[in-house]
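This report refers to the structure that appears directly beneath it.
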Amino acid sequence: MNNNVSKSPDGGMRAFKIQGTPNSPVLIFSNSLGSEMMMWDELIPYLLPYFRIVQYDTRGHGSSKNSIGLEGYSIEQLGRDVIDLMDELQIGKAYFCGLSMGGLIGQYLGINHPNRFKKIVLSNTGAKIGNDERWNGRIETIGKNGMQAIVDDTIERWFTEEFRSQKPEKVAETKAMFLRSDIVGYSNCCCAIRDADFRNQLQNMNVETLVITGDEDPVTNIEQAEFLVSKIPKSRLKVLHARHLAATELPKEYARVLIDFFVGESTFDKGMHVRRSVLGDAHVDKANSKINDFNADFQSFITNYAWGEIWTRPGLSKHNKSLITMAMLIALNRPAEFKMHVKAAFNNGVTVDEIKEVIMQSALYCGLPAANDAFHLALEVFIENDINY
């Protein structure tokens with residue numbers, strides 16, 4: 001997917017990409033220092049059944065480095081970039097996951113803009129990371145000798161020895177990403193991290209929060225994570241077997257932790273989340289209002305099995321699942337279910353033209369009468385829901 005570029009109010013350029021179906025809740029990822037939005041790519045397939053996902057390059061990094069100022073940034077500035085991007089994309093409220101520097105941004109957002117976030121994950125971060133001497137020294141080193149001067153130490157801090165030996169290609173890819181960093185942009189973000197200190201503000205972070213860290217993280221260790229949890233009112237801790245870039249080291253496990261926190265740990269919770277995103281709250285609320293002793297087990301079966309186990313599988317997009325489902329319902333002559341899934345298809349990003357092509361294909365393989373009925377049923381849905389066709 002191609003990156004999009006937007007302009008911040010102060011003239012800075014933000015590169016971002018957004019994936020997922022229109023009716024899904026939004027999850028925003030915020031990167032570590034020296035990383036680009038690609039750092040989350042391996043997690044995305046596991047998360048797309050549940051969320052519409054926004055990845056962006058932090059100011060001064062990746063494709064967001066085309067208007068770098070010479071003065072250092074602040075965490076407030078980097079946090080405002082997130083709010084401005086949400087406003088531009090008309091995202092009223094979102095889930096948020098930030099790692100390291102992204103975790104500092106998450107703290108700023110949770111303290112200053114709690115009404116914009118449903119839940120927040122602070123990963124491999126601290127309320128105060130390092131000290132002036134450390135950050136000023138790093139700025140001086142890369143200013144004189146370039147990113148190459150610190151890349152080997154960074155990779156060692158980011159990944160366990162086991163990961164470095166077993167995944168050399170991923171390590172090389174991450175190293176290349178780090179070396180692409182713009183020295184001025186990186187240094188500006190070092191200033192933001194250096195000056196950020198939320199130790200006396202965390203009690204004001206009124207958003208449900210999960211703190212994640214690695215048991216071998218030498219940058220932001222378990223003690224720092226426990227401090228965050230002790231101060232943030234609605235928070236809890238998850239420790240993974242990883243170093244600083246836990247999301248890169250354990251993408252599948254990390255994604256599962258996010259889903260359990262954001263959506264719920266049970267298959268029923270996951271199924272209900274996806275069912276609502278596909279069929280819409282009004283449909284699901286209506287179905288739930290009709291639950292009784294006779295059909296309760298069947299409704300539970302639908303939510304757990306159909307929506308919690310099949311629709312959550314990452315192998316096919318929800319968009320493609322909609323197309324396949326409509327085709328099968330035409331073949332099986334299930335008019336009520338077909339109409340329901342035609343309406344739901346728009347929540348999954350399906351267009352009128354795509355629905356037409358599904359029905360045309362069904363005329364060839366399911367027969368003309370089946371396709372004729374499907375055209376009539378689809379038109380009923382379009383008219384009932386004021387959909388232009």
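Nothing fancy with the numbering, it's 1 onward along the sequence. Hydrogens, waters and symmetry mates play no part in the numbers below; they use all other heavy atoms, side chains included.
Residue N292 places its CG atom among more than 12 non-hydrogen atoms of other residues, nucleotides or ligands, all under 6.0 Å distant. Within a 6.0 Å radius of NZ in K339, more than 12 heavy atoms belonging to other residues, nucleotides or ligands are found. A 6.0 Å sphere centred on CD of E169 holds no more than 12 heavy atoms belonging to other residues, nucleotides or ligands. For K167, the NZ atom counts as loosely surrounded, since its 6.0 Å shell holds 12 or fewer non-hydrogen atoms of other residues, nucleotides or ligands. By the 6.0 Å contact criterion, NZ on K128 is enclosed, its count of non-hydrogen atoms from other residues, nucleotides or ligands being greater than 12. Taking a 6.0 Å sphere around CG of D297, one finds it holds 12 or fewer heavy atoms contributed by other residues, nucleotides or ligands.
Every residue meeting the ring-ring contact (aromatic ring centres under 6.0 Å, His included) condition with Y305, not counting sequence neighbours, appears here in chain and number order: F301.
Using the six-membered ring where Trp is involved, Y254 and W40 have ring planes that are tilted, between 30° and 60° apart.
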(request) Tell me, with the steps shown, if W135 and D195 meet side chain to side chain donor-acceptor pair (under 3.5 Å). (result) CA-CA 10 Å; W135 293 111; D195 299 338; over 6 Å; no
(message) side chain to side chain donor-acceptor pair (under 3.5 Å), that's the test. Do N348 and H319 meet it? Break it down for me.
(response) CA-CA 5 Å; N348 285 341; H319 178 279; over 6 Å; no
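With rounding to the nearest 0.5 Å, the separation of CZ in R116 from CE in M86 is 4.5 Å. Rounding to the nearest 0.5 Å gives a distance of 8.0 Å between CG of L202 and OG of S230. Here the CG-CD1 distance, from N385 to I387, works out to 4.5 Å after rounding to the nearest 0.5 Å. Note: I83 CD1 to E88 CD = 13.5 Å, rounded to the nearest 0.5 Å. The CE atom of M326 sits 10.5 Å away from atom OG of S362, with the distance rounded to the nearest 0.5 Å. Here the CD1-CG distance, from I232 to N204, works out to 11.0 Å after rounding to the nearest 0.5 Å.
A donor-acceptor pair is defined here as one N or O able to donate and one able to accept, closer than 3.5 Å; no such pair exists between the side chain of K118 and the backbone of K93. Side chain of D182 to backbone of G60: no donor-acceptor contact under 3.5 angstrom is found. Within the 3.5 Å criterion, the main-chain N or O of D217 finds no donor-acceptor partner in the side chain of N221. The main-chain N or O of E133 is found under 3.5 Å from a side-chain atom of N131 such that the two form a donor-acceptor pair. Formation of a donor-acceptor pair under 3.5 Å by the D215 side chain with backbone atoms of A242 is found in this model.
No side-chain donor from either of D57 and S64 sits under 3.5 Å from a side-chain acceptor of the other. Under the 3.5 Å distance criterion, with hydrogens and angles disregarded, no donor-acceptor pair is assigned to the side chains of T213 and K238. There is no side-chain donor-acceptor pair under 3.5 Å between Q201 and Q107. Judged by distance alone, the side chains of T21 and R52 never bring a donor and an acceptor atom under 3.5 Å apart. Inspection of the N304 and S300 side chains reveals an N or O donor paired with an N or O acceptor under 3.5 Å. Defined by atom type and a distance below 3.5 Å, a donor-acceptor pair is present between the side-chain atoms of K318 and S277. Y186 and R138 share a side-chain donor-acceptor pair at under 3.5 Å. Using modelled atom types, one finds no donor on one side chain facing an acceptor on the other under 3.5 Å when comparing H244 with E249.
Looking at V82 and I105, their side chains come closer than 4.5 Å, going by heavy atoms from C-beta outward. Taking the side chain as every heavy atom from C-beta outward, K231 and N200 never approach each other to under 4.5 Å. Proximity of N388 to V352: side-chain heavy atoms (C-beta onward) are nowhere separated by under 4.5 Å.
Considering every non-hydrogen atom in both T209 and F261, the closest pair reads C-CZ, 3.6 Å. Contact record, A246 with L240: CB-CD1, 4.4 Å, taken as the closest heavy-atom pair.
Between K17 and D41 there is a salt bridge, with a side-chain nitrogen of the basic residue lying less than 4.0 Å from a carboxylate oxygen of the acidic one. The residues K144 and E140 are annotated as salt-bridged, a charged nitrogen and a carboxylate oxygen being separated by less than 4.0 angstrom. By the 4.0 Å N-to-carboxylate-O rule, E216 lies close enough to R243 to be salt-bridged with it. Of the charged side-chain nitrogens involved, at least one lies within less than 4.0 Å of a carboxylate oxygen, so that E173 and K170 count as a salt-bridged pair. A salt bridge does not link K270 to E265: none of the charged nitrogens lies less than 4.0 Å from a carboxylate oxygen.
Checked against the 6.0 Å centroid threshold, F262 and Y50 do not count as a close aromatic pair. Aromatic rings from W158 and F178 are positioned such that their centres are separated by under 6.0 Å. The aromatic ring centres of H61 and Y56 sit 6.0 Å or more apart.
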